[in-house]
Amino acid sequence: MGAQIRVYKRRIKTVSATKKITKAMEMIAASRIVKAQRQVAASSPYADELTRAVTAVATGSNTKHALTTEAENPSRAAVLLITSDRGLAGGYSSNAIKAADRLTERLRAEGKEVDSYVVGRKGLAYFGFREREVTQSWTGFSDSPSYADAKAVATPLIASVLADTAEGGVDELHIVFTEFVSMMTQSPVDRRLLPLAISDKPAGGEGEPSKPQALPLFEFEPSAEGVLDALLPRYVESRIYNALLQAAASEHAARRRAMKSATDNAEDLIKSLTRLANAARQADITQEISEIVGGASALADANAGSD
């Protein structure tokens, strides 16, 4: 029994050490979520206003631009997948990968070839394990992205959209990332960034027919095409940056939740092992008492027989 007690104590010590690690990781993730949330809140208005500006330029002119004009027969699409560089975040990366796979299947069902772009070591490892081709990948900044990182990701994607499909260009650009909804909810989503969806319908109330409205007149300097050339790269960069920040906040929230669950499980395991160790110790004590009582009884019987 003594050996069994030592085994229980050794396991309790090991689980307690693991609990300290998971608790520390939980607290670190919780502290980083606040900063990530602030960055998301700060970047969203800029990205939204830039989208409105690009939409206004596109609707206020008759210019046909490569980044706003739908291809007649789109045959190739680029999909940017954002995952994490590190694990211990529950199903965060796997859920984003599944969403990207569903999008890829849908695009291929429409007769389009798909070029995969990946952010994060987890997504890159997934593609490598399945021997699937990755056009370009980026790692090292999934939990703390900067605007420079977003620009580095956006540059080859924009170039691919501007290039001819015969030279490896694409007709569409999609992005798959995990949207931060709340501390407890993070949802993988896919969005089409390019061509930019332009709606020329006047806004009407729900259930009400749209009423004709006078559209504003725009003057472009130097030209509408020049303005689009300047604005659309910023639009793609801002959208990718916002997606990276959303993904980072989601990653921290998922890691915090996973580490909290691991800490709770460690506490339950320690309690269970402590009960088993106490039961083994009690059994040892009971056995020793029984041996002492038995020895005393045998000695008393021997003394009585000699008398």
Side-chain angles (χ1 to χ4, degrees), residues 29 33 36-52 54-55 67 74 77-85 89-110 112 114-124 126-127 132 134-135 137-138 141-145 147 149-150 153-154 157-158 161 170-199 235-258:
I33 292 174
Q37 282 182 291
R38 290 174 180 171
Q39 289 179 319
V40 171
S43 69
S44 294
Y46 174 77
D48 293 341
E49 288 301 325
L50 193 55
T51 302
R52 292 191 185 96
V54 174
T55 303
L67 301 183
V79 175
L80 173 63
L81 168 63
I82 300 177
T83 62
S84 66
D85 287 317
Y92 165 76
S93 292
S94 61
N95 290 336
I97 290 171
K98 290 176 183 177
D101 283 344
R102 289 193 294 269
L103 173 62
T104 300
E105 291 175 2
R106 187 170 75 247
L107 293 173
R108 286 175 176 167
E110 295 172 358
K112 302 171 186 174
V114 177
D115 291 345
S116 297
Y117 295 79
V118 181
V119 173
R121 291 189 177 92
K122 289 299 178 181
L124 191 59
Y126 172 83
F127 279 80
R132 292 166 58 179
V134 175
T135 304
S137 63
W138 301 266
F141 55 82
S142 70
D143 60 346
S144 183
Y147 193 86
D149 297 323
V153 175
L157 291 171
I158 295 173
V161 173
V170 298
D171 299 310
E172 297 177 359
L173 170 59
H174 300 259
I175 184 171
V176 179
F177 65 99
T178 305
E179 185 179 32
F180 183 86
V181 180
S182 67
M183 294 288 288
M184 297 303 297
T185 305
Q186 300 86 42
S187 304
V189 296
D190 63 85
R191 305 269 172 79
R192 194 185 80 169
L193 295 185
L194 297 175
L196 181 65
I198 305 297
S199 176
Y235 157 76
V236 176
E237 292 168 6
S238 66
R239 280 300 171 190
I240 291 178
Y241 181 50
N242 184 261
L244 288 172
L245 293 177
Q246 295 255 11
S250 299
E251 179 184 347
H252 292 315
R255 182 168 291 111
R256 174 185 174 275
R257 190 167 58 251

Measuring from Met183:CE to Gln37:CD, what's the distance to the nearest 0.5 Å?
6.0 Å
Rounded to the nearest 0.5 Å, the CG atom of Leu245 sits from the CZ atom of Arg38 at a distance of 14.0 Å
Strictly distance-based, threshold 3.5 Å: is any side-chain N or O of [X] a donor or acceptor partner for the main-chain N or O of [Y]?
X	Y	result
Tyr92	Ala247	yes
Ser250	Thr178	yes
Ser238	Tyr235	yes
Asp85	Ser142	yes
Tyr126	Ser94	no

Quick one, Asp143 with Ser84, criterion side chain to side chain donor-acceptor pair (under 3.5 Å). Give me CA distance, side-chain angles, the key distance, then yes/no.
CA-CA 7 Å; Asp143 60 346; Ser84 66; over 6 Å; no
Nearest atoms (heavy-atom pairs only) where [X] meets [Y]:
X	Y	value
Leu80	Val118	CD1-N, 4.4 Å
Glu237	Ala150	O-CB, 3.9 Å
Arg256	Ile33	CD-CD1, 3.8 Å
Thr83	Gly123	OG1-N, 3.0 Å
Gln186	Ser182	NE2-O, 2.8 Å
Pro188	Ala96	CB-CA, 4.1 Å

Between Leu244 and Phe141, is a side chain to side chain contact (heavy atoms under 4.5 Å, CB included) present by the stated rule, with each step listed?
CA-CA 9 Å; Leu244 288 172; Phe141 55 82; 4.2 Å; yes
Is there a side-chain contact between [X] and [Y] in this structure, where contact means two heavy atoms from C-beta onward sitting under 4.5 Å apart?
X	Y	value
Ile240	Leu193	yes
Ile175	Arg239	no
Glu110	Leu107	yes
Val153	Ile82	no
Pro74	Lys112	yes

From the options [options], select the one residue that forms a side chain to side chain contact (heavy atoms under 4.5 Å, CB included) with [X].
X	options	value
His174	Leu103, Thr104, Leu81	Leu103
Phe180	Glu251, Gln246, His252	Gln246
Val114	Glu172, Arg108, Arg106	Arg108

Mind checking whether Tyr117 and Trp138 have parallel, tilted or perpendicular rings, split at 30° and 60°?
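Judged by the thresholds at 30° and 60°, the geometry between Tyr117 and Trp138 is parallel.
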